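Let me begin by presenting the structure, written as structure tokens, before commenting on it.
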Amino acid sequence: GAVVSQHPSRVICKSGTSVKIECRSLDFQATTMFWYRQFPKKSLMLMATSNEGSKATYEQGVEKDKFLINHASLTLSTLTVTSAHPEDSSFYICSARDHQGIYAFFGQGTRLTVV
Amino acid sequence: AQTVTQSQPEMSVQEAETVTLSCTYDTSESDYYLFWYKQPPSRQMILVIRQEAYKQQNATENRFSVNFQKAAKSFSLKISDSQLGDAAMYFCAYRSASNDMRFGAGTRLTVKP
């Protein structure tokens, strides 16, 4: 099956710094990528949808200036958490789908800890 | 907006027995997809089974099958001959024609040896 690689798997950063998370589709072209946030023992909450070459669409309540998403190529989308604070600590998961795909393939997730 | 409801926060099953996980959803669309994903402790999301709304036949993947009741907006997952490796969080998901996917709150399945 299709492979989606997410990097890094874990990151610890200081409060006030920015962190970039990468999501790559390794064997297919992902026209659409999704970013989710998952709190402990909770479900996945969709943060934003990004389409290659266009601006991301953010869900209500998600600060677009806080969570910068770039989908500059058909195989790479990045999520940058800017000026991170401890409340941004969470598990972030990306998924990707090609233009014909019915379902999305998920990355391994990134555990972000802001200290 | 579409919503997905999983009313069972936790379920338990004896190894080799059968268990059914419930899922209901709310939508006004006629064209959509439904999925069950498994999330083990590694937190990697694994697709278990999918169902296209336009198909009347229930999807089946080996020990996993669904009971899709479109009129009732119900999409339950049946796991037969449960194995220890089936223990995980299970999420029901809905994907609309507009491409975004919504997840239920999840059901934690425990398999007892």
Side-chain angles (χ1 to χ4, degrees), chain A residues 1-10 21 23 30-52 54 56-62 69 71 77 90-113, chain B residues 1-11 21-25 31-55 59 61 64 66 75 87-110:
Chain A
V3 177
V4 175
S5 177
Q6 189 172 338
H7 178 80
S9 58
R10 292 174 181 266
I21 303 170
C23 181
T31 52
T32 306
M33 287 187 170
F34 306 89
W35 287 95
Y36 295 87
R37 182 172 180 175
Q38 186 178 29
F39 291 100
K41 299 184 179 180
K42 298 293 184 181
S43 187
L44 282 72
M45 300 300 297
L46 180 66
M47 297 175 65
T49 302
S50 73
N51 293 292
E52 186 268 337
S54 62
T57 302
Y58 290 81
E59 294 298 302
Q60 189 173 6
V62 178
I69 293 173
H71 192 167
S77 176
S90 191
F91 191 70
Y92 294 87
I93 307 176
C94 72
S95 70
R97 184 167 60 235
D98 64 20
H99 70 286
Q100 292 182 328
I102 295 174
Y103 51 84
F105 298 95
F106 286 83
Q108 307 94 318
T110 297
R111 182 179 301 280
L112 170 64
T113 303
Chain B
Q2 298 86 10
T3 58
V4 180
T5 302
Q6 291 179 251
S7 59
Q8 305 155 316
E10 297 183 350
M11 289 287 285
L21 308 184
S22 301
C23 174
T24 59
Y25 58 95
D31 186 19
Y32 52 89
Y33 303 93
L34 296 164
F35 310 89
W36 278 96
Y37 279 90
K38 171 185 177 181
Q39 188 180 43
S42 68
R43 304 191 79 170
Q44 172 73 56
M45 295 290 284
I46 302 168
L47 178 66
V48 175
I49 199 166
R50 78 173 195 228
Q51 175 81 44
E52 289 89 342
Y54 63 85
K55 290 186 177 180
E61 288 287 341
F64 300 88
V66 298
F75 183 61
M89 281 290 290
Y90 285 82
F91 292 100
C92 178
Y94 167 102
R95 182 205 154 191
S96 66
S98 62
N99 292 333
D100 59 345
M101 186 176 286
R102 307 287 169 164
F103 289 86
T107 297
R108 181 173 299 280
L109 178 66
T110 301

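Bear in mind the structure is a predicted one, so any value in this text is a computation, not a measurement. Chain letters run A, B, ... following the sequence lines, proteins first, then strands; residues in each count from 1.
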Chain B contact via A/Gln6 - side chain, backbone, both or neither, heavy atoms under 4.5 Å: neither
Interatomic distance, B/Arg95 atom CZ to A/Arg97 atom CZ [nearest 0.5 angstrom]: 3.5 Å
Chi angles and distances behind the side chain to side chain contact (heavy atoms under 4.5 Å, CB included) call for B/Met101, A/Leu46: CA-CA 8 Å; B/Met101 186 176 286; A/Leu46 180 66; over 6 Å; no
Between CG on residue B/Leu47 and CZ on residue A/Phe105, distance to nearest 0.5 Å: 7.5 Å
Contacting region of B/Met89 [heavy-atom separation from chain A under 4.5 Å]: neither
Atom pair CG/CD of A/Leu44 and B/Gln39 - distance to nearest 0.5 Å: 6.0 Å
Residue B/Gln6 versus chain A: region with a heavy atom under 4.5 Å: neither
Distance in Å, A/Gln108 CD paired with B/Met45 CE, rounded so as to fall on 0.5 Å steps: 13.5 Å
Heavy-atom pair with the smallest gap, counting every atom of B/Gln44 and A/Phe106: NE2-O, 3.1 Å
Atom of A/Ser43, atom of B/Ala105 and distance for their closest heavy-atom approach: CB-CA, 3.8 Å
For B/Glu52, salt bridge (Lys or Arg N to Asp or Glu O under 4.0 Å) partners two or more places apart: B/Arg50, B/Lys55
B/Phe103 portion near chain A, given a 4.5 angstrom heavy-atom threshold: both
Neighbour count above 12 (heavy atom, 6.0 Å) for B/Met11 CE: yes
Set of side chain to side chain donor-acceptor pair (under 3.5 Å) partners for A/Glu52, sequence neighbours left out: none
